[in-house]
Amino acid sequence: DVKVTQSSRYLVKRTGEKVFLECVQDMDHENMFWYRQDPGLGLRLIYFSYDVKMKEKGDIPEGYSVSREKKERFSLILESASTNQTSMYLCASKIIAEGGDGYTFGSGTRLTVV
Amino acid sequence: AQSVTQLDSQVPVFEEAPVELRCNYSSSVSVYLFWYVQYPNQGLQLLLKYLSGSTLVKGINGFEAEFNKSQTSFHLRKPSVHISDTAEYFCAVSEALGAGGFKTIFGAGTRLFVKA
């Protein structure tokens with residue numbers, strides 16, 4: 001089975017810190033995604049990538065950036081963490097970009113910004 | 001899809017009872033439909049999906065869902081739930097974009113709580 005691994009399950013960071021969330025997938029998936037999950041709002045897409053060094057903004061990219069230097073790794077960066085970025089962050093990958101393919105999700109990183 | 005609505009935020013049910021989790025969507029194009037399950041402190045797992053063909057699709061753990069195009073619904077059902085089905089369930093809709101590519105929208109989630 002494809003496995004998507006997020007390096008941290010829980011993180012606590014201070015306001016203004018630069019935060020890196022790491023995600024690695026162990027299959028040859030070209031497509032990787034970062035979502036944030038908030039109660040009552042479901043999942044909202046932050047950024048996605050269809051290939052190495054390629055990135056596209058999702059629905060809520062403000063305050064975030066991403067890096068895809070290798071096919072298996074997709075990093076989410078909070079340039080200057082703020083309390084409204086306290087959330088659950090989910091990384092996902094999929095084999096093809098075509099809409100009929102489902103996502104494989106990581107276990108999530110629960111980030112608290114204080 | 002312009003929107004995905006999960007009509008119930010929480011559904012309490014007794015063990016061995018049937019359950020239906022409701023999902024409606026709005027879209028002007030053909031869509032692909034998904035249900036995901038999230039157990040506590042875990043990521044989402046794909047439960048089932050509808051791409052085309054038979055409108056009744058079966059997934060893992062005894063769940064099934066029925067696509068109703070006229071009502072733009074994709075409700076999830078299980079005839080007899082177990083305590084272990086306690087989780088949050090997300091409906092998702094994927095539709096083609098005019099310029100190519102696909103966009104997936106998730107519902108807000110339904111928390112299923114199975115009581116002994």
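Reckoned from all heavy atoms, side chains included, excluding hydrogens, waters and symmetry mates. In the text below, chain A, chain B and the rest are named by the order of the sequence lines, each starting its count at 1.
Judged as a ring pair (Phe, Tyr, Trp, His ring centres under 6.0 Å), not a single pair has a partner in residues 8-27 of chain A (not counting sequence neighbours). Residue pairs meeting the disulfide bond (SG atoms under 2.5 Å apart) criterion with at least one partner in residues 62-93 of chain A, sequence neighbours excluded, are A:Cys23-A:Cys91.
The contact between A:Arg9 and chain B is made entirely by side chain atoms (from C-beta outward), counting heavy-atom distances below 4.5 Å. Both the backbone and the side chain of A:Leu43 come within less than 4.5 Å of a heavy atom of chain B. Heavy atoms closer than 4.5 Å to chain B are found nowhere in A:Gln6, neither backbone nor side chain. Proximity to chain B is limited to the side chain of A:Tyr35, based on heavy atoms less than 4.5 angstrom apart. Using a 4.5 Å cut-off between heavy atoms, A:Asp38 makes no contact with chain B at all.
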Next on the checklist: Is there a ring-ring contact (aromatic ring centres under 6.0 Å, His included) between B:Tyr32 and B:Phe34? Walk through the geometry before answering.
Outcome noted: CA-CA 7 Å; B:Tyr32 300 122; B:Phe34 304 82; 7.1 Å; no
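Remark: A:Lys94 NZ to A:Met27 CE distance equals 15.5 Å, nearest 0.5 Å. In this structure, OG1 in A:Thr86 is found 13.0 Å from NZ in A:Lys13, a value given to the nearest 0.5 Å. To the nearest 0.5 angstrom, B:Ser52 atom OG is 6.0 Å from B:Tyr50 atom OH.
The cluster map of Ile, Leu, Val, Met, Phe, Trp and Tyr, joined by side-chain heavy atoms under 4.5 Å apart, puts B:Val11 and B:Leu7 in different clusters.
Contacts from residues 59-84 of chain B to chain A, taken as heavy-atom pairs separated by less than 4.5 Å, involve no residues at all. Inspection of non-hydrogen atoms places no residue of residues 64-77 of chain A under 4.5 Å from chain B.
The two residues A:Leu90 and B:Gly43 have their closest heavy-atom pair at CD2-CA, 4.2 Å. Among all heavy-atom pairs drawn from B:Phe106 and B:Thr104, the shortest one is CE1-CG2, 3.9 Å.
Interface remark: of the candidates B:Gln45, B:Gln6, B:Gln38, B:Gln38 forms the most heavy-atom pairs closer than 4.5 Å to chain A. Heavy-atom pairs under 4.5 Å with chain B peak, among A:Pro39, A:Gly108, A:Gly106, A:Ala92, at A:Gly106.
The environment of CZ in A:Arg44 is crowded: more than 12 heavy-atom neighbours from other residues, nucleotides or ligands sit within 6.0 Å.
With hydrogens and angles disregarded, a donor-acceptor distance shorter than 3.5 Å links the side chain of A:Glu17 to the backbone of A:Arg14.
Salt bridge status for A:Asp59 with B:Lys103: present, with a side-chain N to carboxylate O gap under 4.0 Å. Using a 4.0 Å cut-off between charged side-chain N and carboxylate O, B:Lys115 and B:Glu15 make no salt bridge.
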